[in-house]
Number of protein chains: 2
Amino acid sequence: MSQPAARDPDLTRARILEAALDLFVEQGPAAVTMREIAAASGVTKSLIHHHFGSKEALWSAVKEDGFLRYAQGQRADLEAASAPGSELLENSVLRYFRFLQQHPGVVRMFAWAHLEKDDSCGEADAALVGLGAQRIREAQQAGVLRDDINPTHVVTIFVNACTYWFEARAHHAQWPGIGSDEEFLEDFLKVFMAGLAPRP
Amino acid sequence: MSQPAARDPDLTRARILEAALDLFVEQGPAAVTMREIAAASGVTKSLIHHHFGSKEALWSAVKEDGFLRYAQGQRADLEAASAPGSELLENSVLRYFRFLQQHPGVVRMFAWAHLEKDDSCGEADAALVGLGAQRIREAQQAGVLRDDINPTHVVTIFVNACTYWFEARAHHAQWPGIGSDEEFLEDFLKVFMAGLAPRP
DNA sequence: CCGGCAATTGACCGGTCGACCAGTTAATTA
DNA sequence: TAATTAACTGGTCGACCGGTCAATTGCCGG
């Protein structure tokens, strides 16, 4: 006979967070009810309140957890793409694009956070962007990239282009002549890298 | 003494649409109540149902109206920036950026639509993007822009970079070394235009 | 092995939501 | 001007929301 699962508050919290993440990211925090989260995570509504206090606190915990995992993944990616110079930049764009491609929920989570003017997401990746900008500055000083562009803006440009590509995918899919993920990435990289080449 | 306002269903509809637009764009469709919209537009809740049927239908009407006005404004802008060649492209980016700068609600309305997977926004500007892409194609054939890039992707790149700049403004504001609207626009234009210059 | 505490449950509460409806008023038309 | 239609109002309903609470269960240190 199936025993009732042994008590494991950490696992319970994790299960609630996981179910809540899925629902929140998919439907938005306002449209999800505590009852849905309870049903999806296999616990009682009261238990969610016991562990997280309120719906808003749960949503905050979900975002904090999500942003943390995002930042950790990106940091690992940035350190893995360690080849210096312009190859590093091209690799970074490629890795960032692939990351969003494989984690569509991340784009949506950021979008929800932006719409509700939650700037806590900035804390998650500010240090990461600073690190990336530093690498670009080094490449500029080495003469590999043109040096009349703010390094942080270099990061911002490719982050914006890639992120919004996935956020507005269904929208832009209706534009005449639009290509696939791969074709867009290829074209963007051409323009981006050529635009950053040292000036003659 | 103040007469009760003469009946004017068109004006009433317009007032409801305007109030609903503001509230929906600011808080998102799920967070806004019919009672709020009624209070903000100075009519009864029942009257909104009379004119629009349901909350969802009202939100659809708001989006449709918003997208239409957006597309009309953009079309006017595109036709105004009629100088051919690479100047046209630079002007288009500039005008698009300024448009979003002056209409922050548009960015948010598109973001809400994207998050709820409403692809009706694509119908609004598909023709417009097609027109822009055609101009770029002509510039490519004239040798003013490099011709190994999908023209639609050229549009997409600058639309993404500009739109997400405003959508994630509060987020990116926390990034170290980030600049102002003007500084970002300048840097983006440098990279973008240089990246699209004909190859040697 | 027992006493305390956290994990967990189900019933329940006040409040608010979107929608509906019967009734009233003003414009339109025949 | 009588009749018809559409604009508009106030009141109300059932559903469902987030949150609370007393009671129960299982773990774990003394």
Side-chain angles (χ1 to χ4, degrees), chain A residues 1-65 112-113 115-116 118, chain B residues 1-65 112-113 115-116 118:
Chain A
M1 320 293 152
S2 65
Q3 300 271 23
R7 289 191 174 185
D8 187 338
D10 290 340
L11 180 64
T12 300
R13 275 184 65 99
R15 268 213 281 259
I16 296 172
L17 275 177
E18 192 190 335
L21 175 72
D22 288 346
L23 287 167
F24 278 142
V25 159
E26 192 60 25
Q27 311 177 28
V32 177
T33 71
M34 295 297 271
R35 286 166 172 84
E36 284 180 88
I37 302 172
S41 53
V43 304
T44 17
K45 185 165 58 76
S46 318
L47 193 53
I48 305 180
H49 277 98
H50 173 72
H51 280 295
F52 294 94
S54 71
K55 184 185 177 182
E56 201 182 302
L58 172 60
W59 172 227
S60 292
V62 163
K63 281 187 288 186
E64 195 173 340
D65 186 58
W112 290 119
L115 281 173
E116 63 185 22
D118 172 8
Chain B
M1 308 311 136
S2 67
Q3 301 270 26
R7 291 190 173 184
D8 186 341
D10 290 341
L11 180 64
T12 300
R13 274 184 63 102
R15 268 214 280 260
I16 296 171
L17 275 176
E18 190 190 338
L21 176 71
D22 289 346
L23 287 167
F24 278 142
V25 159
E26 192 58 28
Q27 311 176 27
V32 176
T33 71
M34 296 296 273
R35 285 166 173 85
E36 284 180 87
I37 301 172
S41 54
V43 303
T44 347
K45 186 164 56 76
S46 316
L47 192 51
I48 305 180
H49 276 96
H50 172 72
H51 280 295
F52 295 94
S54 72
K55 183 184 177 183
E56 203 183 303
L58 173 60
W59 171 227
S60 292
V62 163
K63 280 187 291 186
E64 196 174 340
D65 185 59
W112 291 118
L115 280 172
E116 62 186 20
D118 172 8

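We name chains A, B, ... by the order of the sequence lines, and we start the count at 1 in each one.
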Engineer: Grab the CD1-C1' distance between B:I48 and C:dC17 for me, whole Å please.
Structural biologist: 14 Å
Engineer: Among pairs that include at least one residue of residues 29-48 of chain B, which meet salt bridge (Lys or Arg N to Asp or Glu O under 4.0 Å), considering only residues two or more places apart or in two chains?
Structural biologist: none
Engineer: Run A:L58 and A:I37 through side-chain contact (heavy atoms from CB on, under 4.5 Å) and show every step you take.
Structural biologist: CA-CA 10 Å; A:L58 172 60; A:I37 302 172; 3.8 Å; yes
Engineer: Rounding to an integer number of Å, can you tell me how far B:E36 CD sits from C:dC17 P?
Structural biologist: 7 Å
Engineer: Using only modelled atom types and a 3.5 angstrom limit, is any donor from either the side chain of A:R7 or the base of D:dT25 paired with an acceptor on the other?
Structural biologist: yes
Engineer: Please check if the side chain of A:W112 supplies one atom and the backbone of A:V25 the other of a donor-acceptor pair under 3.5 Å.
Structural biologist: yes
Engineer: Output one letter per nucleotide in nucleotides 9-14 of chain C: B when a protein non-hydrogen atom lies under 4.0 Å from the base, S when only the sugar-phosphate is that close, - when neither is.
Structural biologist: BBB---
Engineer: To the nearest 0.5 Å, tell me how far A:I16 CD1 sits from A:F52 CZ.
Structural biologist: 5.0 Å
Engineer: For residues 26-46 of chain A, which residue pairs qualify under ring pair (Phe, Tyr, Trp, His ring centres under 6.0 Å), counting only residues two or more places apart or in two chains?
Structural biologist: none
Engineer: CZ of A:R15 versus C1' of C:dA7: gap in Å, rounded?
Structural biologist: 13 Å
Engineer: Any residue in residues 51-59 of chain B with a heavy atom nearer than 4.0 angstrom to DNA chain C? Just list them by number, or reply none.
Structural biologist: B:S54, B:K55
Engineer: Any idea which of C:dG18, D:dA7, D:dC27 is nearest the B:M34 side chain?
Structural biologist: C:dG18
Engineer: Quick one: B:D10 CG to D:dC8 P, roughly how many Å, whole number?
Structural biologist: 10 Å
Engineer: Taking only residues two or more places apart in sequence, or in another chain, which ones meet A:A30 in a side-chain contact (heavy atoms from CB on, under 4.5 Å)?
Structural biologist: B:A30
Engineer: Rounded to the nearest angstrom, tell me the gap between atom NE2 in A:H49 and atom C1' in C:dA7.
Structural biologist: 16 Å
Engineer: Test: side chain to side chain donor-acceptor pair (under 3.5 Å). Region: residues 50-63 of chain B. Which pairs qualify, not counting sequence neighbours?
Structural biologist: B:W59-B:E116, B:K63-B:E116, B:K63-B:D118
Engineer: Does atom CD (B:Q27) have a neighbourhood of more than 12 heavy atoms from anything else shown, all under 6.0 Å?
Structural biologist: yes
